[in-house]
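Inspection log for the structure reproduced underneath, given as structure tokens.
Values reported hereafter were calculated over all heavy atoms of this structure, with side chains retained and with hydrogens, waters and symmetry mates removed.
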Amino acid sequence: MSRILFDHVYKQYGKDKQNVVKDFNLEIEDKEFVVFVGPSGCGKSTTLRMLAGLEDISKGEIYINDAIVNDLPPKDRDIAMVFQNYALYPNMSVYENIAFGLRLRKLPKHEIDLAVKRAARILEIEPYLERKPRQLSGGQRQRVALGRAIVRNPQVFLMDEPLSNLDAKLRVQMRSELIRLHKQLEVTTIYVTHDQTEAMTMASRIVVMKDGVIQQIAVPEEIYNNPSNTFVASFIGSPPMNFMEGKLEEQGGKLEFHTSRFSLEIPQGNAKALIAKRLAGKAVTLGVRPENISVEQLYFEAFPNAVITGIHKFDELMGADRFLHLDVGGPNLLVVRTSPRNHYDDEMKISAAIDMHKALFFDRDSGERLCGS
Ligand code: ADP
Ligand code: MG
């Protein structure tokens, strides 16, 4: 049983007391797998290190199971941390590396042996227990680092970009192994990454951060479908969401997203909500994901008044999908997902229809979402 609460937590550095973490509020339930995601420097590691006790808390409280831990030394917090650089002892065997923490705690030898062998079995590194770290691959070394965390049987796992040093293929494999491990051990876990794919695939809940401030806390589907602002919308998803600047205009009882080059009709539901918020006539940013724009006939039939035409600049074949990059006259190319079977020449004129039910609208100045699916 382990719940964690961040209550108005701040971290300030330097003489000018600059906030690198600002008013951080988060409640984590027992057995959750929460991912902190955001660009480098946004305060993810600092937040994690405050929870681990490796960094002082400038303001606010952190609770573990209803007890404030602000002044508790790291060793008394019952937390195990795994880092990007696994920091194994080069002269010790895998077995000794995993056992090291337990030896320090003076556990009886047979208990240590049981714990090490159990961890090795879970992580499938039993055949390597007598090897030295240099005789292991990157993935195997990361498993040993995980083994060291597992044997401590902690209340909480903290993982700070643990897969960043691995090559792409191994990273994907370790991703599923970590999910499996979490299902098996059911230990509350906080996982830090700058990689939106890791966040989307691993998290039970995602915390998106920017400049030390939480932007949104939600389950992956919610973050993807209903991002709270343009930052979250563009950070999560690959290729990223398309954005277009324009104006909402009411014409003959219908609401349209209007630019100097094209108009897109907004479906009833969304239109009503936008009008109710008195947004007709306002300049807004429209956001739409590449998979919600299509060159298929079905889309033209469903959304005849939301068609946009552009010039094909280049495309990216991703195996299962092909992404077209169209110049529609705006500052950014419009990215459209199509079937890999379709082939296009550069400079070709292409029309695509937008599923306007999936379009999101954001405040042009603040970037906050106004309304959406
Ligand atoms: P992330 O893990 O998201 O990449 P960090 O938590 O490591 O970000 O850093 C957040 C910010 O705090 C960065 O701007 C970083 O430069 C700053 N920072 C981190 N540690 C220190 C420190 N010891 N002294 C001053 N500034 C620091
Ligand atoms: Mg970091």
Side-chain angles (χ1 to χ4, degrees), residues 33 35-36 40 44-55 73-185 187-195 198 202:
F33 194 109
V35 175
F36 293 177
S40 173
K44 307 178 295 292
S45 297
T46 304
T47 308
L48 212 61
R49 290 169 58 81
M50 284 193 282
L51 172 58
L54 303 173
E55 208 67 78
K75 66 175 176 43
D76 297 332
R77 295 191 188 195
D78 204 2
I79 283 175
M81 198 152 170
V82 182
F83 301 93
Q84 174 177 346
N85 48 352
Y86 346 104
L88 302 178
Y89 300 104
N91 297 322
M92 291 186 191
S93 69
V94 166
Y95 185 102
E96 289 161 343
N97 262 288
I98 297 177
F100 187 73
L102 304 181
R103 292 238 167 91
L104 279 188
R105 283 202 255 160
K106 305 220 174 355
L107 253 62
K109 217 170 169 179
H110 69 275
E111 256 180 57
I112 296 178
D113 193 57
L114 278 176
V116 172
K117 288 193 170 140
R118 171 173 170 266
R121 193 167 58 243
I122 292 172
L123 295 163
E124 293 168 8
I125 49 173
E126 288 162 300
Y128 319 121
L129 282 173
E130 294 315 314
R131 288 200 195 167
K132 296 278 164 57
R134 68 171 178 278
Q135 298 167 301
L136 301 176
S137 70
Q140 290 163 343
R141 276 181 225 169
Q142 189 54 284
R143 263 174 248 217
V144 177
L146 282 169
R148 248 188 343 200
I150 291 175
V151 288
R152 294 181 46 196
N153 202 15
Q155 289 203 64
V156 182
F157 279 127
L158 303 183
M159 303 191 184
D160 194 346
E161 314 240 7
L163 308 184
S164 294
N165 277 352
L166 306 179
D167 64 50
K169 194 167 173 200
L170 200 53
R171 214 155 52 218
V172 175
Q173 185 189 333
M174 283 299 285
R175 214 158 72 195
S176 15
E177 288 199 18
L178 285 175
I179 298 169
R180 180 180 60 86
L181 196 65
H182 178 252
K183 281 198 166 62
Q184 191 173 352
L185 301 176
V187 176
T188 309
T189 303
I190 306 181
Y191 184 100
V192 160
T193 180
H194 62 274
D195 180 340
E198 283 182 16
M202 300 175 82

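Side chains of Glu96 and Tyr89: no donor on one and acceptor on the other come within 3.5 Å. For the residue pair Glu161 / Tyr191, no side-chain donor-acceptor distance below 3.5 Å is found, with atom types taken as modelled.
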Checklist entry - Yes or no on side-chain contact (heavy atoms from CB on, under 4.5 Å) for Val82 and Leu158, after CA distance, side-chain angles and deciding distance? => result CA-CA 6 Å; Val82 182; Leu158 303 183; over 6 Å; no
Item to check | Verdict with reasoning, Ile125 to Val144, per side-chain contact (heavy atoms from CB on, under 4.5 Å) | outcome: CA-CA 8 Å; Ile125 49 173; Val144 177; 4.2 Å; yes
Next on the checklist: I'd like to know whether Glu130 forms a side chain to side chain donor-acceptor pair (under 3.5 Å) with Tyr95, so could you lay out the CA-CA distance, the side-chain angles of the two residues, the decisive distance to 0.1 Å, and finally the verdict.
Outcome noted: CA-CA 6 Å; Glu130 294 315 314; Tyr95 185 102; over 6 Å; no
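Residues Gln142 and Pro162 are in side-chain contact: their nearest non-hydrogen atoms beyond the backbone lie under 4.5 Å apart. With contacts defined as side-chain heavy-atom distances shorter than 4.5 Å, the pair Leu181/Leu123 qualifies. Between Leu185 and Phe157 the shortest side-chain heavy-atom distance falls below 4.5 Å. Using a 4.5 Å heavy-atom cutoff, the side chains of Thr193 and Val35 are in contact. The shortest distance between side-chain heavy atoms of Pro74 and Ile79 does not fall below 4.5 Å.
Panel note: side chain Asp113, backbone Lys109; no donor-acceptor pair is recorded below 3.5 Å. Under a 3.5 Å cut-off, the side chain of Asp160 and the backbone N or O of Val192 do not form any donor-acceptor pair. Not one N or O on the side chain of Arg152 forms a donor-acceptor pair closer than 3.5 Å with the backbone of Leu102. Looking only at distances, a side-chain donor or acceptor of His182 sits under 3.5 Å from a matching main-chain atom of Val187. Using a distance-only test at 3.5 Å, with no hydrogens or angles considered, a donor-acceptor pair links the side chain of Gln135 to the main chain of Lys132. Looking only at distances, a side-chain donor or acceptor of Arg141 sits under 3.5 Å from a matching main-chain atom of Leu136.
Taken from OH in Tyr128 to OG in Ser137, the straight-line distance is 7.5 Å, to the nearest 0.5 Å. Atom CG of Leu146 is separated from atom CD1 of Ile122 by 11.0 Å, given to the nearest 0.5 angstrom. Going from atom CD1 of Ile112 over to atom CG of Leu107 covers 5.5 Å, rounded to the nearest 0.5 Å. The distance from the CE atom of Met50 to the CG atom of Leu54 is 11.5 Å, given to the nearest 0.5 Å. Here Ile190 contributes atom CD1 and Met81 contributes atom CE; the two are 9.5 Å apart, rounded to the nearest 0.5 Å. Atom OG1 of Thr46 and atom CD of Glu55 lie 6.0 Å apart (nearest 0.5 Å).
When all heavy atoms of Glu124 and Arg180 are compared, the pair lying nearest together is OE2-NH2, 4.4 Å. The minimum heavy-atom distance linking Ile150 with Ala119 is given by the pair CG2-CB, 4.1 Å.
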Pair up each side-chain donor or acceptor in residues 168-177 with any protein partner under 3.5 Å, not counting sequence neighbours, and list the distances.
unit_1	atom_1	unit_2	atom_2	d
Arg171	NH1	Leu166	O	3.1
Gln173	NE2	Glu177	OE2	3.4
Arg175	NE	Thr201	OG1	3.4
Ser176	OG	Val172	O	3.2
Ser176	OG	Gln173	O	3.1
Glu177	OE1	Arg143	NH1	3.4

